[in-house]
Enquirer: 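Pasting a structure below so you can have a look.
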Protein chains: 2
Amino acid sequence: MARIQTHNNSSRKELILSKAAALFREKGFKAASMRHLAESVGVEAASLYNHIKSKTELLHELCFGVANRFMQKMDEVEAAKIPDIEKIEDLIRFHIYQMIHHYEEVYVCDREWKYLADPYLSNFQNQRRMYRKRFAAIIESGIRNNSIKPIDAPTAVLILLHAIGGIESWHRSTQKIDADALTQNMVTILGGGLKPAS
Amino acid sequence: MARIQTHNNSSRKELILSKAAALFREKGFKAASMRHLAESVGVEAASLYNHIKSKTELLHELCFGVANRFMQKMDEVEAAKIPDIEKIEDLIRFHIYQMIHHYEEVYVCDREWKYLADPYLSNFQNQRRMYRKRFAAIIESGIRNNSIKPIDAPTAVLILLHAIGGIESWHRSTQKIDADALTQNMVTILGGGLKPAS
DNA sequence: TTTATTCGCTAACATTCGTTAGTATATTAC
DNA sequence: GTAATATACTAACGAATGTTAGCGAATAAA
């Protein structure tokens, strides 16, 4: 019937993407149907295909959009001339920030990537593995110069990343503390577990 | 055609349950079909219904089986006469043990519970909320007697539980350290983040 | 104003889904 | 041996899925 946005506004697809992120997060990728998505966009299901190629394409774009942001941050942090422990806290803060301010996409990227189709799936898994390796390398560097407790670095990375993923629960919580306080608490607990007893 | 187990062996359903856990974990509840499950049991899809009521019933039983084990452990820990910090480490070790030795069910309980049908869904969410409250209460008690750093207890619980959920990645890892070392590392990092600077 | 393009719609498609009905066979109980 | 029960099978159902085809109206370009 009526077009919702003017023609020259190319952000129609971006609206679909953001609605898709919310829907995939709420229902899960498999349980979210194109008809649901269409409804939340305010359009019939078939009309979506004037803007997108397929349901999976939506997942591709969401996942790699998020992944690229994290990779870019990792580049910056690696290049920075600051102590290792600060690099880690910087990364933790970035993760938390992303989780809070781009909740839906980050969550989808975190929990629904396994439904990616295969050229993309392997690519994504490689990027993920690489990211964790680079994170672990920073921790190992910190261990060598005694600014970090001697622990198994891959295990530490695993703990950090999943702990941050838990903000999901905070996000849904009714009586939530404010974002800054949350960040500070997480850095205290997670960072505190890394620093050697002084 | 041929029955796979003898009649008086009542564990046919348990086989289905354990195959379901593995399948739900691998594919996700929605993406796992009864025909896939049947294949992995070695039977036609319709035959499953001689043993189970529905697909959702499988999820119920998996989720509440796990949830009940954790609730029972919490009862024990609360009743024990040991310092708060030891209670917490005890719980952490229990979580890790469960995650390692009952991986598939625990994972499914953790990540797929949202597909429970509604009398069960609310029930499950309540139990979950209650469990976290009781966990947080132990932390708060520890804070009051100065054996734990003054932090936001609900946030700490959230971090702990999700960090442990990350063992999922360890489980899939090719070059994994052994389970005891993993446990020790996690207790060091997570416990270390809680103890006050001395 | 005419022409081309964008973007909505309805209708329909082939698959896949969970599940039921009805039947046959093998085991157990008597 | 006979009756009863447990459990496997084949066939089929209605519903929901992602997606395509084709059409009409609105916008942009000429």
Side-chain angles (χ1 to χ4, degrees), chain A residues 1-21 23-24 26-63 108 112 114-118 120-121, chain B residues 1-21 23-24 26-63 108 112 114-118 120-121:
Chain A
M1 294 266 174
R3 240 174 289 182
I4 288 175
Q5 290 192 327
T6 68
H7 171 79
N8 63 7
N9 189 343
S10 81
S11 76
R12 199 94 181 91
K13 179 164 183 180
E14 279 165 32
L15 172 65
I16 294 176
L17 266 172
S18 96
K19 292 289 187 184
L23 198 67
F24 292 172
E26 189 195 340
K27 308 268 191 197
F29 178 73
K30 277 288 175 184
S33 79
M34 296 304 278
R35 285 166 177 86
H36 282 138
L37 175 57
E39 188 184 9
S40 102
V41 172
V43 114
E44 290 299 315
S47 306
L48 295 171
Y49 289 85
N50 286 320
H51 305 277
I52 66 168
K53 210 167 61 67
S54 67
K55 185 187 183 186
T56 336
E57 186 208 37
L58 290 171
L59 190 59
H60 299 160
E61 303 206 358
L62 289 172
C63 287
V108 168
E112 306 290 326
K114 67 170 149 183
Y115 300 108
L116 286 169
D118 204 357
Y120 298 91
L121 178 59
Chain B
M1 292 268 175
R3 241 173 289 181
I4 288 175
Q5 290 192 328
T6 68
H7 170 79
N8 62 8
N9 189 343
S10 81
S11 76
R12 199 91 180 95
K13 179 164 183 180
E14 280 167 30
L15 173 65
I16 294 176
L17 266 171
S18 96
K19 293 289 187 184
L23 198 68
F24 292 172
E26 189 196 341
K27 309 267 190 196
F29 178 74
K30 277 288 176 182
S33 78
M34 295 304 277
R35 286 167 177 85
H36 282 138
L37 176 57
E39 187 184 10
S40 101
V41 172
V43 113
E44 289 299 315
S47 306
L48 296 172
Y49 289 85
N50 286 320
H51 305 277
I52 65 168
K53 209 166 63 65
S54 66
K55 187 188 183 187
T56 335
E57 185 209 37
L58 289 171
L59 190 61
H60 298 160
E61 303 207 358
L62 289 172
C63 287
V108 168
E112 305 291 325
K114 67 170 149 182
Y115 300 109
L116 286 169
D118 205 358
Y120 298 92
L121 178 59

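Proteins come first, then strands; the chains are lettered A, B, ... in the order of their sequence lines, and each starts at number 1. Keep in mind that what you see is a predicted model, and the values were worked out from it rather than measured.
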Enquirer: I'd like to know whether A:Lys13 forms a salt bridge (charged side-chain N to carboxylate O under 4.0 Å, His left out) with A:Glu57, so could you lay out the CA-CA distance, the side-chain angles of the two residues, the decisive distance to 0.1 Å, and finally the verdict.
Expert: CA-CA 12 Å; A:Lys13 179 164 183 180; A:Glu57 186 208 37; 3.6 Å; yes
Enquirer: Let's see if you can work this out: which of D:dT7, C:dT10, C:dC17 has an atom nearest to the side-chain heavy atoms of A:Glu44?
Expert: C:dT10
Enquirer: Mapping A:Lys55 and B:Ala45 onto DNA chain D by nearest heavy atom, which one lands closer to the 5' end?
Expert: B:Ala45
Enquirer: Please pick, from D:dG18, C:dG8, C:dG18, the nucleotide with the shortest atom-to-atom distance to any side-chain atom of A:Val43.
Expert: C:dG8
Enquirer: Under 4.0 Å, heavy atoms only, any strand: does A:Ala31 hit a base, just the sugar-phosphate, or nothing?
Expert: nothing
Enquirer: From CG of A:Leu37 over to C1' of D:dT17, roughly how many Å is that when rounded to an integer?
Expert: 14 Å
Enquirer: So do the side chains of B:Leu48 and B:Lys19 get within less than 4.5 Å of each other, counting heavy atoms only?
Expert: no
Enquirer: Among C:dA11, C:dG8, D:dC9, which nucleotide has an atom closest to any side-chain atom of A:Ser47?
Expert: C:dG8
Enquirer: Measure the shortest side-chain to side-chain distance between A:His51 and A:Val43 over non-hydrogen atoms and say whether it is less than 4.5 angstrom.
Expert: no
Enquirer: Angle between ring planes, B:Phe24 versus B:Phe29, binned at 30° and 60°: parallel, tilted or perpendicular?
Expert: perpendicular
Enquirer: Does B:His51 put a side-chain nitrogen or oxygen below 4.0 Å from OP1 or OP2 of D:dA8?
Expert: yes
Enquirer: Rounded to whole angstroms, how far apart are CG on A:Leu48 and P on C:dG8?
Expert: 9 Å
Enquirer: Taking NZ from A:Lys13 and C1' from C:dC7, how many angstroms apart are they, rounded to a whole number?
Expert: 15 Å
Enquirer: Please compare B:Asn50 and B:Thr56 by the position of their nearest nucleotide in DNA chain C and report the one closer to 5'.
Expert: B:Thr56
Enquirer: Separation of A:Ile52 atom CD1 from D:dG18 atom C1', in whole Å?
Expert: 10 Å
Enquirer: Rounded to whole angstroms, how far apart are OH on B:Tyr49 and C1' on D:dA6?
Expert: 19 Å
Enquirer: In whole angstrom, what separates B:Leu15's CG from D:dA8's P?
Expert: 10 Å
Enquirer: Please report, rounded to the nearest Å, how far the P atom of C:dG18 is from the CZ atom of B:Arg35.
Expert: 7 Å
Enquirer: Any sub-3.5 Å donor-acceptor pair from B:Tyr115's side-chain atoms to A:Lys27's backbone N or O?
Expert: yes
Enquirer: What's the closest nucleotide to the side chain of B:Ala46 if the choices are C:dT20, D:dT7, C:dT19?
Expert: C:dT20
Enquirer: Rounded to the nearest Å, what distance is computed from the CD atom of residue A:Glu57 to the P atom of nucleotide D:dT19?
Expert: 10 Å
Enquirer: Look at the side-chain N and O atoms of B:Arg12 and state whether any lies under 4.0 Å from the OP1 or OP2 oxygen of D:dA6.
Expert: no
